[in-house]
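Have a look at this one.
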There are 2 protein chains.
Amino acid sequence: MNQEHNNQTDPTRERLLDEAERLFADKGYDAVSLREITTAADTHLAAVNYHFGSKENLYLEVFRTRCVERARRIHQPLKELDKRESFTPEELVRTLAKAFLSGPLTDEERKRHSQLLAREMHRQSKAFNILSQEAMKPFTEHAIRMWQRCLPHPVEPERLKLIMLSIFSQVLYFNFARPVVTLTMEREYDQEFVEQIVEHITQFALCGLNGDKGK
Amino acid sequence: MNQEHNNQTDPTRERLLDEAERLFADKGYDAVSLREITTAADTHLAAVNYHFGSKENLYLEVFRTRCVERARRIHQPLKELDKRESFTPEELVRTLAKAFLSGPLTDEERKRHSQLLAREMHRQSKAFNILSQEAMKPFTEHAIRMWQRCLPHPVEPERLKLIMLSIFSQVLYFNFARPVVTLTMEREYDQEFVEQIVEHITQFALCGLNGDKGK
DNA sequence: GTCTATAGCAGGATAGAC
DNA sequence: GTCTATCCTGCTATAGAC
């Protein structure tokens with residue numbers, strides 16, 4: 001109980017979560033079999049039932065631990081910025097875009113995270129509820145408070161929420177739909193390209209913020 | 001051969017495609033069984049093999065016929081605009097956003113289309129190839145030619161492609177991730193809300209087009 | 001040509017041996 | 001506690017009756 005036998009650090013349990021996450025992200029819930037997962041995790045079928053009770057529960061545990069933890073790390077740069085005395089809207093937007101596209105996660109993690117998110121985003125499932133309650137909702141609300149703090153003139157929250165959704169849709173898409181992006185741009189993802197995308201989204205969103213002046 | 005017995009109009013075949021499309025969009029390829037589809041289409045298991053050869057082929061046929069056909073209808077408003085003597089960038093962007101969000105499709109069709117697209121968007125599959133070759137590529141290229149036609153000053157194609165991707169990511173997201181949108185905005189989809197979204201994306205993209213002037 | 005009946009296999013879950 | 005061996009269900013595909 002004092003070191004290795006609690007739920008958090010059992011190595012078999014961790015390996016199962018690792019492989020489950022990878023495979024679920026890659027193929028989706030129904031396309032992955034428990035046999036596939038346990039073989040990859042170098043253990044046996046019954047281990048899933050022992051540690052998680054069922055396939056469904058293993059899936060949910062991936063969201064409860066892995067995804068929520070990654071979401072926290074994505075949130076981190078925003079919190080850092082918020083600690084500062086002051087910041088500009090441009091810095092806020094760039095921090096948002098960077099957090100998702102070149103931020104704290106490794107490229108592999110980013111891909112998995114986007115895939116799992118995208119898979120759950122359109123169905124009201126338990127996994128979706130975990131994500132929205134633990135990750136998306138607090139993140140969005142925090143970002144909006146930060147905007148209201150740094151914008152020179154007040155902007156109605158509805159507009160800010162729409163802009164948040166627009167930014168979010170783009171970072172998700174540029175991570176998730178890479179085949180479409182490389183096909184359209186005739187260009188592979190490398191550091192320079194990602195920086196270009198971050199810059200594109202930043203400028204896009206900034207103009208969206210100030211945009212209605214010209215109307 | 002002269003009326004009802006060719007592939008295009010066999011009523012059982014059509015019902016199978018209808019139900020397959022609905023269920024695949026709703027649950028994804030692996031979560032749907034042929035039994036489910038044939039029961040919904042009020043026919044028997046063997047009919048799938050008779051008409052399509054396999055589950056995989058039925059799936060692909062949904063893309064080859066239904067999705068490509070819908071993509072053509074989404075393309076239509078753009079073609080109409082292109083026939084005109086001249087048009088503004090704003091008209092072009094609004095036409096693009098409307099085509100996906102309130103355009104030629106019914107709401108039900110729009111949902112299905114977005115779901116099927118989103119499901120295939122991240123994996124290089126046969127279905128993806130059909131979509132990108134038959135629908136996305138020609139559409140994107142046409143839109144870019146139209147932009148180059150109506151923009152007062154030349155804009156490099158790479159920038160236009162990025163803007164196309166940004167618009168596309170947003171319309172896809174606002175169709176596909178409705179649970180997230182309603183949760184964030186605390187608002188259900190109705191005609192007024194959809195119009196607001198179209199307006200939001202239009203302004204967003206327009207500013208993105210002219211945006212770097214202010215930098 | 002249509003559809004029933006079944007083959008053959010893979011899935012998740014679990015009983016029970018160690 | 002661990003893991004093998006097995007259960008049973010549900011799947012796709014197809015052979016063959018009508």
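What you see below is based on every heavy atom in this structure, not just the backbone, and it leaves out hydrogens, waters and symmetry mates. Naming: A, B, ... by sequence-line order, numbering from 1 per chain.
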| For the pair made of NZ in Lys55(A) and P in dG12(C), what is the distance, rounded to whole Å? |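 Value for this atom pair: 5 Å.
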
| Between Ser33(A) and dA10(C), does any side-chain N or O lie under 4.0 Å from OP1 or OP2? |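 Result: no.
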
| Rounded to the nearest Å, what distance is computed from the CG atom of residue Leu45(A) to the P atom of nucleotide dG1(D)? |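 Atom-to-atom, Leu45(A) to dG1(D), this comes out as 21 Å.
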
| said: Using a 6.0 Å distance limit plus a 45 degree cone around the ring axis, check whether Lys126(A) lies over the aromatic ring of Phe63(A). | reply: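 Negative - Lys126(A) is either too far from the ring of Phe63(A) or too far off its axis.
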
| message | Mind checking if Ser54(B) touches a base, just sugar-phosphate, or nothing, with heavy atoms under 4.0 Å? | response |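 Sugar-phosphate contact only - Ser54(B) comes under 4.0 Å of backbone atoms but never of a base.
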
| field | Separation between CG of Leu58(B) and CG of Leu17(B), rounded to the nearest 0.5 Å | value |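 Those atoms lie 6.0 Å apart.
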
| query | Could you state the CD-P distance from Glu56(B) to dC11(D), rounded to the nearest angstrom? | reply |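 Spelled out: CD on Glu56(B) to P on dC11(D) is 18 Å.
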
| request: Between Asn49(A) and Glu36(A), name the one whose nearest nucleotide on DNA chain C is closer to the 5' end. | output: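 Final value for this comparison: Glu36(A).
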
| field | Nearest-Å distance for atom pair CZ/P, residues Phe52(B) and dT2(C) | value |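 The answer, rounded to whole Å, is 13 Å.
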
| Whole-Å distance between dA5(D) P and Leu34(A) CG? |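 Distance, rounded to whole Å: 19 Å.
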
| task | Kindly confirm or rule out a cation-pi arrangement of Arg123(B) over Phe128(B), judged by NZ or CZ under 6.0 Å from the six-membered ring centre and within 45° of its axis? | result |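 No, Arg123(B) does not sit over the ring of Phe128(B).
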
| said: If I take atom CG in residue Asp42(A) and atom P in nucleotide dT2(D), what distance separates them, rounded to the nearest angstrom? | reply: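 That distance rounds to 15 Å.
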
| field | OP1 or OP2 of dT2(C) under 4.0 Å from side-chain N/O of Tyr50(B) | value |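 Yes, because at least one side-chain N or O of Tyr50(B) sits under 4.0 Å from OP1 or OP2 of dT2(C).
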
| task | Check every atom of dC3(C), dC3(D), dA13(C) against the side chain of His44(A) and return the nucleotide holding the closest atom. | result |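 Among dC3(C), dC3(D), dA13(C), the one nearest the side chain of His44(A) is dC3(D).
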
| Residues two or more places apart in sequence or in another chain: which of them pass side-chain contact (heavy atoms from CB on, under 4.5 Å) with Arg110(A)? |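 So Arg110(A) forms a side-chain contact (heavy atoms from CB on, under 4.5 Å) with Leu105(A), Asp107(A), Asn175(A).
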
| What integer distance in Å separates Tyr59(A):OH from dG11(C):P? |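 Result: 18 Å.
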
